[in-house]
Amino acid sequence: MNLKQYDLVLFNDSIKKLGLELDDDQISNFMEYYELLTEWNQYMNLTAITAFDEVCTKHFIDSLSLCMVFDCTKSLSVIDVGTGAGFPGIPLKIAFPDLKLTLLDSLGKRVKFLNEVIGRLGLQDICAVHGRAEDYAKPGQLREQFDLCVSRAVANLSTLSEYCLPYVKVDGYFISYKSEKITDESEAAAHAIEMLGGLVYDQKELILPNSDIYRNLFQVRKVKPTPKKYPRKAGLPSKEPL
């Protein structure tokens with residue numbers, strides 16, 4: 001790929017401000033990801049954000065902001081629940097290739113797109129799974145198999161915790177990307193998190209580099225196994241949060 005066709009000054013500076021270093025192959029992968037995202041977005045709804053600098057900041061840099069609170073350099077098993085067009089999972093995989101990543105989404109067309117990205121970028125130790133979070137968290141599926149669960153999905157914290165904590169091993173972490181201050185929401189979710197085997201660990205408020213975009217990375221540590229009755233059947237976590 002010819003990287004000279006892109007103005008990478010802002011992107012590269014933001015990467016440095018996150019404390020990261022990417023080589024030319026990694027930068028090229030981000031650019032090819034951008035091209036696939038905008039190409040497929042003409043035929044299906046992947047993102048409302050398509051301008052190059054906006055995608056870089058609001059999708060790529062936002063996804064990578066996890067490194068501000070979590071050591072992503074280790075060979076960890078990670079699941080991205082409700083990944084959509086691959087955020088935050090694919091940017092994390094490009095920047096931290098030792099991660100073993102599972103992308104979970106309920107829409108088959110999006111999973112087809114994710115598989116195209118994985119193939120075109122030649123990513124290893126990554127898979128895209130088509131299914132609902134409630135179903136794959138059941139015993140015998142992917143339950144309690146991951147060191148880390150991440151999600152940028154739009155849902156209240158109680159609901160997200162029921163979707164995500166069942167995937168996390170004891171002593172692992174669930175980290176939710178939030179775009180607003182969530183003091184009230186986190187207080188309301190504390191009981192649900194405890195019921196699901198979690199403990200509110202920390203939250204990191206930050207402004208994404210070279211922007212005025214606020215982010216809150218809400219961190220939950222898994223301290224005991226999730227009771228077998230959770231997650232409840234499909235639809236209930238969102239309709240009736242714990």
Side-chain angles (χ1 to χ4, degrees), residues 62-63 66 69-70 76-90 92-93 99-111 114 126-180 182 184-203 215-242:
D62 185 26
S63 296
L66 180 73
V69 302
F70 195 85
L76 301 172
S77 55
V78 182
I79 185 167
D80 178 3
V81 171
T83 187
F87 306 117
I90 290 178
L92 290 170
K93 180 63 181 176
L99 296 177
K100 298 175 176 65
L101 183 66
T102 298
L103 305 168
L104 178 64
D105 198 83
S106 61
L107 191 64
K109 289 191 292 185
R110 284 198 292 256
V111 172
L114 296 172
I126 180 173
C127 66
V129 177
H130 175 215
R132 296 182 66 103
E134 302 97 320
D135 296 331
Y136 273 92
K138 295 211 168 82
Q141 298 290 333
L142 299 176
R143 189 179 184 87
E144 297 188 336
Q145 291 190 17
F146 297 92
D147 300 304
L148 173 67
C149 176
V150 292
S151 183
R152 282 206 325 170
V154 178
N156 74 65
L157 200 53
S158 295
T159 299
L160 269 181
S161 296
E162 188 170 356
Y163 287 148
C164 294
L165 273 171
Y167 288 100
V168 180
K169 300 174 182 176
V170 173
D171 291 329
Y173 291 86
F174 159 49
I175 299 179
S176 171
Y177 290 63
K178 288 288 186 177
S179 60
E180 66 282 323
I182 56 168
D184 292 343
E185 185 179 332
S186 61
E187 289 175 356
H191 177 64
I193 289 168
E194 183 179 358
M195 288 173 63
L196 295 161
L199 178 70
V200 176
Y201 180 72
D202 199 3
Q203 55 181 309
R215 287 292 180 263
N216 189 328
L217 296 171
F218 188 85
Q219 304 156 64
V220 176
R221 183 166 173 247
K222 184 80 168 275
V223 295
K224 58 185 178 182
T226 300
K228 291 182 180 178
K229 62 182 176 180
Y230 301 116
R232 293 166 292 168
K233 66 181 181 179
L236 271 182
S238 57
K239 290 178 183 175
E240 301 175 16
L242 293 174

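Index from 1, following the sequence.
No more than 12 heavy atoms of other residues, nucleotides or ligands sit less than 6.0 Å from atom NZ of Lys109. Within 6.0 Å of atom CD in Gln145, more than 12 heavy atoms from other residues, nucleotides or ligands are found, so the atom counts as buried in its surroundings. More than 12 heavy atoms of other shown residues, nucleotides or ligands fall within 6.0 angstrom of atom OH in Tyr177.
No donor-acceptor distance shorter than 3.5 angstrom exists from the side chain of Ser106 to the backbone of Arg132, with no hydrogens or angles considered. Between the Asp147 side chain and the Ser77 main chain, a donor and an acceptor come within less than 3.5 Å of each other. Judged by distance alone, the side chain of Tyr167 and the main-chain N or O of Ala133 form a donor-acceptor pair under 3.5 Å. Using a distance-only test at 3.5 Å, with no hydrogens or angles considered, a donor-acceptor pair links the side chain of Arg143 to the main chain of Ala137. Remark: the backbone N or O of Gly84 is paired with a side-chain donor or acceptor of Asp105 at under 3.5 angstrom. Judged by distance alone, the side chain of Ser161 and the main-chain N or O of Ile193 form no donor-acceptor pair under 3.5 Å.
To the nearest 0.5 Å, atoms CD (Gln203) and CD (Gln219) are separated by 8.5 Å. Arg232 CZ to Ser238 OG: the interatomic distance, rounded to the nearest 0.5 Å, is 9.0 Å. Atom CZ of Phe70 is separated from atom OH of Tyr173 by 7.0 Å, given to the nearest 0.5 angstrom. Going from atom CD of Glu134 over to atom CD of Gln141 covers 13.0 Å, rounded to the nearest 0.5 Å.
Using a 4.5 Å heavy-atom cutoff, the side chains of Phe174 and Leu196 are not in contact. Between Val220 and Leu165 the shortest side-chain heavy-atom distance falls below 4.5 Å. Here the side chains of Phe87 and Asp62 are not in contact, with every heavy-atom distance at 4.5 Å or above. Val69 is not listed as a side-chain neighbour of Asp202, based on a closest heavy-atom distance of 4.5 Å or more. Taking 4.5 Å as the limit, some side-chain heavy atom of Leu66 sits within range of a side-chain heavy atom of Leu148.
Results of the side chain to side chain contact (heavy atoms under 4.5 Å, CB included) test with Ile126 over Leu99, Thr102, Leu101 single out Leu101 as the only residue that passes.
The two residues Pro237 and Thr159 come nearest to each other via the heavy atoms O-OG1, 2.8 Å. Scanning both residues, Pro88 and Arg152, for their nearest heavy atoms gives CD-CG, 3.8 Å. Across every non-hydrogen atom of Ala189 and Ser158, the tightest pair is CA-OG, 3.3 Å. The two residues Val223 and Leu199 have their closest heavy-atom pair at CG1-CB, 3.9 Å. Minimum interatomic distance between His130 and Gly108 (heavy atoms only, all atoms of both residues): NE2-N, 3.3 Å. Minimum heavy-atom separation, Glu162 to Leu242: OE1-CG, 3.6 Å.
In this structure Tyr163 satisfies the ring pair (Phe, Tyr, Trp, His ring centres under 6.0 Å) test with no other residue, sequence neighbours excluded.
Within the structure, side chain to side chain donor-acceptor pair (under 3.5 Å) contacts touching residues 220-231 (residues at least two apart or in different chains) are Glu144-Lys222, Asp171-Arg221, Lys222-Thr226.
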